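The structure presented is a predicted model; accordingly, all values stated were derived computationally and were not measured. Hydrogens, waters and symmetry mates play no part in the numbers below; they use all other heavy atoms, side chains included. The sequence lines fix the lettering, A, B, ..., with proteins before strands; numbering per chain opens at 1.
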Amino acid sequence: MTTQIAKTYFSEELLAWYRRGNRDLPWRKNRDPYRIWVSEIMLQQTRVDTVIPYFERFMASFPTVQALAEAPEEEVLKCWEGLGYYSRARNLQAGAKMVMELYNGIIPDNKDAVAGLKGVGPYTAGAIMSIAFNRPEPAVDGNVMRVLSRYFCLEDDIAKPKTRIGIEKLAASLIPEGAAGDFNQALMELGALVCTPKSPSCLPCPVMEHCEARLAGRESELPIKTKAKPPRPEYRLSVIVEGSGEHAGKVLVRRRPDTGLLAQMWELPHMLLEDVKDGWEQAGIPKESGALAESVTRMLEGETGLLVRPTGWFTDADHVFSHIHWYMRVYTADLGEVYTAFQDWSAAAESREQYETAERAEYRWIGREEMDKLPFPNLFIRILREYWRGASHDE
DNA sequence: CAATCGTGGGC
DNA sequence: TGCCCAAGATT
């Protein structure tokens with residue numbers, strides 16, 4: 001049974017521990033709600049050390065809600081490049097526009113209003129309300145669920161959405177009067193530095209005296225969390241098309257669709273090999289043969305109307321997302337003579353009677369410099385860096 | 001509820 | 001290496 005004594009002890013000792021000393025993080029410089037908001041979005045599923053340089057750059061580029069609201073979307077994505085979960089960036093900007101239109105550019109000191117912003121869920125709403133406005137709202141993230149599961153010996157699966165609801169009520173009941181911001185941050189700070197997922201450091205823990213998991217010797221088996229499914233493999237063919245004439249020194253890239261995986265990011269053209277599921281060997285075709293390369297150049301011809309001619313294998317690269325594992329085989333290619341006379345894609349495509357008005361991807365020729373302007377997923381940054389590193393040595 | 005949505009670091 | 005993990009939201 002959870003005693004009031006154990007709860008009061010926990011709240012007071014944890015708050016005192018935090019106030020005795022905590023990390024000097026850039027978003028703790030002041031309580032500007034915009035800074036708190038941006039930091040909380042960046043910190044979703046992302047480590048503090050990773051976020052810090054992104055946060056500094058982002059705040060330098062978009063210092064205010066208005067600056068963010070008025071920025072070109074692609075610039076915001078570029079600033080987010082490499083941080084992952086890119087819908088966070090697009091939702092954050094959508095939220096900034098809401099604040100401009102609905103609240104005159106001022107982030108409201110109101111839980112329902114904040115929770116109504118794009119990209120702001122239960123955790124982030126609680127974090128903003130407590131840290132920026134010191135309102136007594138719980139902010140339950142993975143740290144908090146782990147810390148409280150151990151301290152109170154809770155055996156609910158923290159991977160289940162329902163579990164968070166229960167822990168929110170508990171967390172709310174622990175908030176000391178007038179200290180919501182510091183207390184919520186203390187909970188997360190403890191989870192990040194002391195009550196860590198693997199081998200928690202119980203001896204320096206400020207609340208270990210009444211930690212039920214520790215007292216039962218069960219701190220390493222809590223919290224209970226079901227494993228995520230492993231990412232499914234996808235074998236893909238990609239191609240670096242080398243331009244000629246006015247596009248000499250450039251390669252062909254395209255922009256991804258507005259929704260879904262890596263939405264609106266730029267990438268090398270590629271296609272899924274639907275019948276390969278157990279490795280490249282299963283395809284039964286060596287990478288040096290032209291057969292695989294031709295299937296991706298044919299796809300590209302259909303999409304662009306260009307005549308694309310494979311020239312060789314470039315590299316194999318793989319990339320793991322949360323739910324998909326991409327195995328990418330990358331070829332090089334150049335342009336045949338027939339269609340290069342056309343000035344634009346639609347004219348070229350129309351000439352082949354393949355023009356469709358609906359959903360044609362946007363293609364563009366870019367050089368090394370343009371890569372620094374457009375947002376690319378990590379995988380293609382790696383491939384293109386390698387490509388241009390080699391290309392610069394040739395000339 | 002379960003799936004979708006990135007990336008880098010630690011062991 | 002392979003696996004787990006990290007200040008979650010959306011559908």
Side-chain angles (χ1 to χ4, degrees), chain A residues 22-23 25-28 35-55 77 80-92 94-95 114-132 138-147 157-165 167-168 171 181 183-193 195-200 223 225-234 256-257 259-265 267 318-326 375-382:
Chain A
N22 54 64
R23 288 176 291 178
L25 302 173
W27 45 89
R28 288 179 177 169
R35 291 174 67 86
I36 305 299
W37 181 17
V38 171
S39 72
E40 290 301 338
I41 300 299
M42 285 191 171
L43 285 162
Q44 289 169 6
Q45 302 291 286
T46 311
R47 289 184 153 73
V48 165
D49 289 343
T50 303
V51 165
I52 289 174
Y54 281 92
F55 179 80
L77 266 184
W80 210 271
E81 180 187 77
L83 200 52
Y85 289 139
Y86 299 99
S87 66
R88 291 183 298 173
R90 294 182 288 108
N91 287 339
L92 177 58
V114 167
L117 297 174
K118 220 36 166 278
V120 175
Y123 162 76
T124 305
I128 293 173
M129 291 313 295
S130 60
I131 299 172
V140 175
D141 70 339
N143 285 311
V144 176
M145 287 198 284
R146 181 173 60 257
V147 168
D157 182 355
I158 66 170
K160 304 288 184 188
K162 182 175 162 188
T163 302
R164 200 205 70 244
I165 307 294
I167 294 187
E168 270 179 351
F183 178 74
N184 283 347
Q185 293 186 84
L187 265 173
M188 295 186 278
E189 190 97 340
L190 188 77
L193 301 180
C195 197
T196 49
K198 293 166 291 187
S199 57
K225 185 180 184 182
T226 56
K227 292 183 199 171
K229 287 189 351 186
R232 68 174 182 272
E234 282 189 5
R256 293 180 60 83
T259 58
L261 182 68
L262 302 169
Q264 299 177 34
M265 304 285 283
E267 65 179 5
D318 71 312
H319 190 72
V320 185
F321 303 102
S322 305
H323 58 305
I324 307 175
H325 190 153
W326 273 1
F376 283 88
N378 177 280
L379 169 64
F380 298 103
I381 292 177
R382 292 199 321 259

Heavy-atom donor-acceptor pair, R164(A) side chain to V140(A) backbone, under 3.5 Å: no

Answer with base, sugar-phosphate or nothing: what part of the nucleic acid does V144(A) contact at a heavy-atom distance below 4.0 Å? nothing

R35(A) (side chain) donor-acceptor with P26(A) (main chain) under 3.5 angstrom: yes

Taking only side-chain N and O atoms of K229(A), does any of them lie within less than 4.0 angstrom of OP1 or OP2 on dA3(B)? yes

With H323(A), which residues qualify under ring-ring contact (aromatic ring centres under 6.0 Å, His included), at least two apart? none

Among the nucleotides dA6(C), dG6(B), dG8(C), whichever has the atom closest to the side chain of R146(A) is dA6(C)

Looking for any heavy atom pair under 4.0 Å, which part of the strands does R28(A) touch: base, sugar-phosphate only, or nothing? base

Contact class for V320(A) vs. all strands (heavy atom < 4.0 Å): base, sugar-phosphate, or nothing? base

More 5' along DNA chain C: N91(A) or L43(A), using each one's nearest nucleotide? L43(A)

Out of dT4(B), dG8(C), dG6(B), minimum distance to the side chain of Y123(A) belongs to dG8(C)

So which protein nitrogen or oxygen atoms get under 3.5 Å of nucleotides 9-11 of chain B's nitrogens or oxygens?
none

Would you indicate, yes or no, if dG6(B) has its OP1 or OP2 atom less than 4.0 angstrom from a side-chain nitrogen or oxygen of H319(A)? no

Result block: side-chain N/O donor-acceptor pairs under 3.5 angstrom for residues 116-127 of chain A, not counting sequence neighbours:
residue : atom : partner : partner atom : Å
Y123(A) : OH   : E40(A)  : OE1          : 2.6
T124(A) : OG1  : Q44(A)  : NE2          : 3.0

Check: R256(A) main-chain N/O paired with E267(A) side-chain donor or acceptor under 3.5 Å: no

Does G260(A) reach a base, just sugar-phosphate, or nothing at all? Heavy atoms under 4.0 Å. sugar-phosphate

Mind checking if L25(A) touches a base, just sugar-phosphate, or nothing, with heavy atoms under 4.0 Å? base

Of the candidate nucleotides dA9(C), dC5(B), dA2(B), which contains the atom at the shortest distance from the side chain of P122(A)? dA9(C)

Any N or O donor-acceptor pair linking the side chain of T46(A) to the base of dG8(B) at under 3.5 Å? no

Using a heavy-atom cut-off of 4.0 Å across all strands, would you classify W326(A) as base, sugar-phosphate, or nothing? nothing

What's the gap between dA6(C) and dC5(B) when it is taken at their P atoms, as a whole Å value? 22 Å

Tell me which of T163(A) and Q44(A) sits closer to the 5' end of DNA chain B, going by the nucleotide each one is nearest to. T163(A)

Taking only side-chain nitrogens and oxygens of K118(A), does any of them come within less than 4.0 Å of OP1 or OP2 of dT10(C)? no

With sequence neighbours excluded, what pairs up with F380(A) under the ring-ring contact (aromatic ring centres under 6.0 Å, His included) test? H270(A)

Tell me what T124(A) touches on the nucleic acid: a base, only sugar-phosphate, or nothing, going by heavy atoms under 4.0 Å. sugar-phosphate

Nearest listed nucleotide, side chain of H323(A), among dT7(B), dA9(C), dC5(B): dC5(B)

Pairwise C1' distance for dG6(B) and dC5(C), with rounding to whole Å: 13 Å

DNA chain C contacts among residues 80-88 of chain A, heavy-atom distance under 4.0 Å: none

Which pairs, with at least one residue in residues 45-55 of chain A and sequence neighbours excluded, count as a side chain to side chain donor-acceptor pair (under 3.5 Å)? T46(A)-R88(A)

Touch class at under 4.0 angstrom, heavy-atom based, for P230(A) against every strand present: nothing

Could you walk me through whether Y85(A) and S322(A) pass side chain to side chain contact (heavy atoms under 4.5 Å, CB included), step by step? CA-CA 10 Å; Y85(A) 289 139; S322(A) 305; 3.1 Å; yes

Consider the side chain of K162(A), meaning its heavy atoms from C-beta on, and name the nucleotide among dG8(B), dC5(B), dC1(B) that approaches it most closely. dC1(B)

Take R28(A) and Q185(A) through the side chain to side chain contact (heavy atoms under 4.5 Å, CB included) test and state the conclusion after the steps. CA-CA 10 Å; R28(A) 288 179 177 169; Q185(A) 293 186 84; 3.0 Å; yes

